[in-house]
Amino acid sequence: MNDTTEDGLLGGRVRLTQPRARGLRAGLDAVLLAAAVPARGGEAVIEAGCGSGAAFLCLAARVPGIRVAAVEREPAMAALAAGNAEINGVPARVAIGDVADAALARTLGPLRHGFANPPYWPGGTAPPEALRAAATHERGAGLDAWARFLAAAVAAGGSATLILPAARFDAGVAALRKAGFGSLVLLPLAPRAGQPAKRVLLQGRREGRGPARVLPPFVLHAEDGFTPEAEAVLRDGAALPL
C-alpha cells in the first residue's frame, strides 16, 4: 500500500501510517474505542479487525505494559498495523485472519480484554473500493461472528467492547448476549448536548451476571470545538470508564 500518510493521534503520542483513501483512515471511533477498554498494565488484549492499528496503539499509549494481539483480514492493512506497532515501540502480534475463524481466536487467547470497531451496515450500497466496503459493510461475518470471535479469545470475567452506530446498538446487545457476555453497559456518544447519539460504546463481561446499565451521554462537541471531557480523551489519552 503506497498511498499513505503519516499522522498523529493523542496529541502526537501515537504515530500512525495509514491509507490516504477516505473510509480507511482512523478517526474519533478508534480513539474512543481504545479509551473505553478497561485494561491494566501487564494484561493481554486482542483487537479484532485492527485496520492500521490505531485503536490498539492508542490503548497501549494509555496503558503501558499491555500485551497486544490483533487480527486483520486484509494483508495490506495488517502490514501497516505491524509496522505502526514497531514504530511506536508496542510489542504486538498481528495475525492475518477472519473473525469467522473462532479457532484462530482460541489460539491467541485466553486474554483479558477484547475490542472491535466492526463493519456495521448489514445492507445498503457499499463503497465501490473493496477495502472501504469491507470496513463499513458486513460481508459474510455479521455482528454475531464478531462477538463469537471475541468470546473465543476472552477469558471468563474479561471484557468485550464495541463501538457501533447508535442505530445498531440493539444488534450489538443481542450479539454480545448470544456469545456469552453479560453485565452490559451502553455509553451513548452525542455530537452535542441535547442531540441524539450517533455512535455508542457497548461493553460486556464474559459470563457477567450483573444488570444492564445505560450511562449518561458523553458529549463530544461544544460551540468552540471539543468539550473539555472529549479533549481529555482525544488529546490527553484519558480513559472512558464504563
Side-chain angles (χ1 to χ4, degrees), residues 1 4-19 24-74 76-97 99 104-105 107-118 135 146 149-150 153-155 157-163 187 189 201-203 205-206 218 230-242:
M1 185 172 292
T4 59
T5 62
E6 305 288 333
D7 301 291
L9 299 172
L10 298 184
R13 291 166 59 190
V14 171
R15 296 165 57 196
L16 188 73
T17 300
Q18 60 179 336
L24 295 176
R25 298 178 60 77
L28 298 184
D29 286 4
V31 183
L32 293 166
L33 174 62
V37 178
R40 297 180 180 180
E43 292 182 332
V45 305
I46 185 167
E47 181 177 8
C50 68
S52 59
F56 76 69
L57 291 172
C58 287
L59 177 58
R62 177 171 66 82
V63 188
I66 59 170
R67 291 173 287 124
V68 177
V71 175
E72 171 56 45
R73 183 174 63 179
E74 303 295 338
M77 298 299 287
L80 283 179
N84 283 327
E86 184 175 358
I87 289 170
N88 286 275
V90 175
R93 176 184 176 185
V94 181
I96 299 174
V99 297
L104 172 61
T107 65
L108 297 172
L111 306 105
R112 185 62 181 169
H113 306 285
F115 54 103
N117 178 9
W146 288 79
F149 185 89
L150 294 178
V154 172
S159 75
T161 306
L162 303 176
I163 188 164
L187 176 62
L189 301 171
L201 283 159
L202 182 61
Q203 188 173 96
R205 288 281 175 176
R206 189 84 168 92
F218 184 79
E231 189 77 16
V233 170
L234 299 173
R235 180 169 292 277
D236 302 329
L240 268 174
L242 268 68

- So Val233 and Phe218, side chain to side chain contact (heavy atoms under 4.5 Å, CB included) or not? Walk me through it. CA-CA 11 Å; Val233 170; Phe218 184 79; 4.1 Å; yes
- Task: Show the numbers, then the answer: is there a side chain to side chain contact (heavy atoms under 4.5 Å, CB included) between Ile163 and Leu189?
- Result: CA-CA 10 Å; Ile163 188 164; Leu189 301 171; 4.0 Å; yes
- What do the steps show when you test Leu111 against Val45 for side chain to side chain contact (heavy atoms under 4.5 Å, CB included), and what is the final call? CA-CA 6 Å; Leu111 306 105; Val45 305; 5.6 Å; no
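For residues 233-242, the pairs satisfying salt bridge (Lys or Arg N to Asp or Glu O under 4.0 Å) are Glu231-Arg235, with sequence neighbours left out. Annotation: side-chain hydrogen bond (donor to acceptor under 3.5 Å, both in side chains) contacts involving residues 36-45, sequence neighbours excluded, comprise Glu43-His113. Legend: side-chain hydrogen bond (donor to acceptor under 3.5 Å, both in side chains) pairs involving residues 77-96, not counting sequence neighbours: none detected.
Between Thr161 and Pro38, the shortest heavy-atom contact is OG1-CD, 4.3 Å. The shortest non-hydrogen separation linking Gly97 to Val71 is O-CG1, 3.5 Å. Heavy-atom minimum distance, Asn117 versus Leu33: N-CD2, 3.8 Å. Taking all atoms of both residues into account, the shortest heavy-atom contact from Arg73 to Ile96 is O-CG2, 3.9 Å. The two residues Leu242 and Ala36 make their nearest non-hydrogen contact at CD1-CB, 3.8 Å.
Under the side chain to side chain donor-acceptor pair (under 3.5 Å) criterion, Glu72 pairs with no residue, sequence neighbours left out. Under the salt bridge (Lys or Arg N to Asp or Glu O under 4.0 Å) criterion, Arg67 pairs with no residue, sequence neighbours left out.
Within the 3.5 Å criterion, the main-chain N or O of Gly157 finds a donor-acceptor partner in the side chain of Arg205.
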Report, one line per pair, each donor and acceptor closer than 3.5 Å where one atom sits in a side chain of residues 46-64; sequence neighbours left out.
residue, atom, partner, partner atom, Å
Glu47, OE1, Phe56, N, 3.2
Arg62, NH2, Ala34, O, 3.0
Arg62, NH2, Val37, O, 2.7

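Taking CG of Leu32 as the start and CG of Leu234 as the end, the distance is 5.5 Å to the nearest 0.5 Å. Between the CG atom in Leu187 and the CD atom in Gln203 there is a gap of 9.5 Å [rounded to 0.5 Å].
The closest side-chain heavy-atom distance from Leu104 to Val99 is not below 4.5 Å. Leu150 places a side-chain heavy atom less than 4.5 Å from the side chain of Leu162.
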